[in-house]
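Worksheet: the structure to be examined is printed underneath.
For this chain, numbers begin at 1 and follow the sequence in order. Atoms within a ligand are numbered from 1 in the order they appear, just like the ligands themselves.
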Amino acid sequence: MKKTNYIQEQIIVNLAKSLLYEKALVKLDGQFVGARAAIARISQNVHSETDLNYGEIFIRDNVPVMIYLLIDGQYEIVQNFLNICLQLQSTEFQTKGIFPISFIDVNNQLIADYGQRAIGRICSVDATLWWPILAYFYVQRTGDQAWAIKTEVQIGLQRFLELILHPQFRDAPTLYVPDGAFMIDRPMDVWGNPLEIQVLLYASLISSVSLIKMDLEDKNSTQSNAFRDFQYHQFNYATVWLKRLKRYLLTHYWVNNKTIQVLRRRPTEQYGESITNEYNIQTETIPHWLQDWLGNQGGYLIGNVRTGRPDFRFFTLGNCLGAIFDIISPVQQRSLFTLFLRNRHSLFAQMPLRICHPPLESQDWRLITGFDRKNLPWCYHNAGHWPCLLWFFVLAILRYQNRYGDLSIDGSDSFELLLEESYQVLLERLPQQKWAEYFDGPTGIWIGQQARNYQTWTIAGFLLVHHFLKVNPADSSIMNLPNLNQILQSKPQI
Ligand code: GLC
């Protein structure tokens, strides 16, 4: 492994910090409120037509930024960001409760995009789910419960929960969404119940109930009785939902060598309540590449569960979050990490990490993506490589080690090596290749055909990898969620 020397490393880290703090962060009324998605061509410092909406502040792209700012003690900026998003939470009849995909200040006026301006008019559900999660991380890290129990914050949570917990046609506890409702925001056959949305749903519900509990326990709360009754009602409903959701994800999404063999031999066309093949899935939908992908020890959460149409593709972010949010057990987390290691040549290759695997090709690409040239096989969302994903994996591994102990297999330090080598790749390539947004090709060696340069989450993601590996691994607890059983044991009483 080629290693960058210490002085060189410090220069790169300082460069990344100055890009983040001096170029990416945006001020509103004299205060920093979040970071733009990509820094405009440095010399001009203005966004041109071809920059599209990359000058805007995306909630999704600000996740690594906010986590880094929390770690760096910049609490005020995180609070400003949360407050602005809250101010922009929709109150329109049809979209009440959603948070915007992105927003921008144009001549002192905030303009938000809820999907009505986005390419393809996609709606981004993940942004809405991230808000309560980030709010919880902020309160947990700063201890700022006074913010959590503010009426505006509690009303925001109520609106959010009303959006999720309402009568619907389906009985399943998953959230049903259209295509492209998260980081993969173009048609990629990720409609229905994509994994990333479901793990974020879990985290957003548990974060919301924790924040509501703080308010219910606050003796000085000035809320009316009707308001409190509604809080109890939502609290109770959300905790029941959470239990069902976790059980559902473990039953329907988790696969390993053993479960696949059971799935392959299930009968079809079953009717009634006590059956084994609820979604009437045919054996032929189970792809053969799984045999080698899983090996004997590997396991992961599949991409989507739908009637007759499960999606066995591997989605990196949904799986990392499944581990970070403890949706999968420590034993399952170990199998997931083993699967990452086993498929290192695919997932890490020359630029960690690949966003999903395998790509949609030929006729599938034509029909499913609608001839989307940005999503050609091995490009962009369609199995391209995104350096902004590595920190999630690093955090998942380190928090596992902190909580459950050593991960080494037969005494070998394969995981340490994997992390160190991946970090060295970022160090060597990112500054040289202008902190590009994504990389194309089966090994991720080419800069993405339409990638922006100086993409903020590439920069913030690098800073997080550096922080967790070289500065303070214990900070990998920053995304720990409260434990549902503990919340229920000390359930607030009316
Ligand atoms: C692209 C990505 C999306 C990201 C946005 C801004 O649309 O697909 O995930 O949030 O760019 O960087």
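- Sorted by first then second residue, the salt bridge (charged side-chain N to carboxylate O under 4.0 Å, His left out) pairs that include residues 112-136, not counting sequence neighbours, are E56-R117, R60-D126.
- Among protein residues, A37, Y54, F58, R60, D61, M183, D185, Y380, H381, E437, Q455, W457 come within 4.0 Å of ligand 1, judged on heavy atoms.
- Ionic pairing of K470 and E420 is present here: one or more N-O contacts between side-chain nitrogen and carboxylate oxygen are shorter than 4.0 angstrom.
- For the 3.5 Å distance criterion, the side chains of Q363 and R366 qualify, holding a donor opposite an acceptor.
- Residue-environment remark: CD (E92) stays at or below the threshold of 12 foreign heavy atoms within 6.0 Å.
- Ion pairing between a basic and an acidic side chain is recognised when a charged N comes within 4.0 Å of a carboxylate O; R342 and D292 show such pairing.
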Practice prompt. Just do the salt bridge (Lys or Arg N to Asp or Glu O under 4.0 Å) check on K374 and D440 with the steps written out, would you?
Written response: CA-CA 10 Å; K374 211 167 169 182; D440 285 344; over 6 Å; no
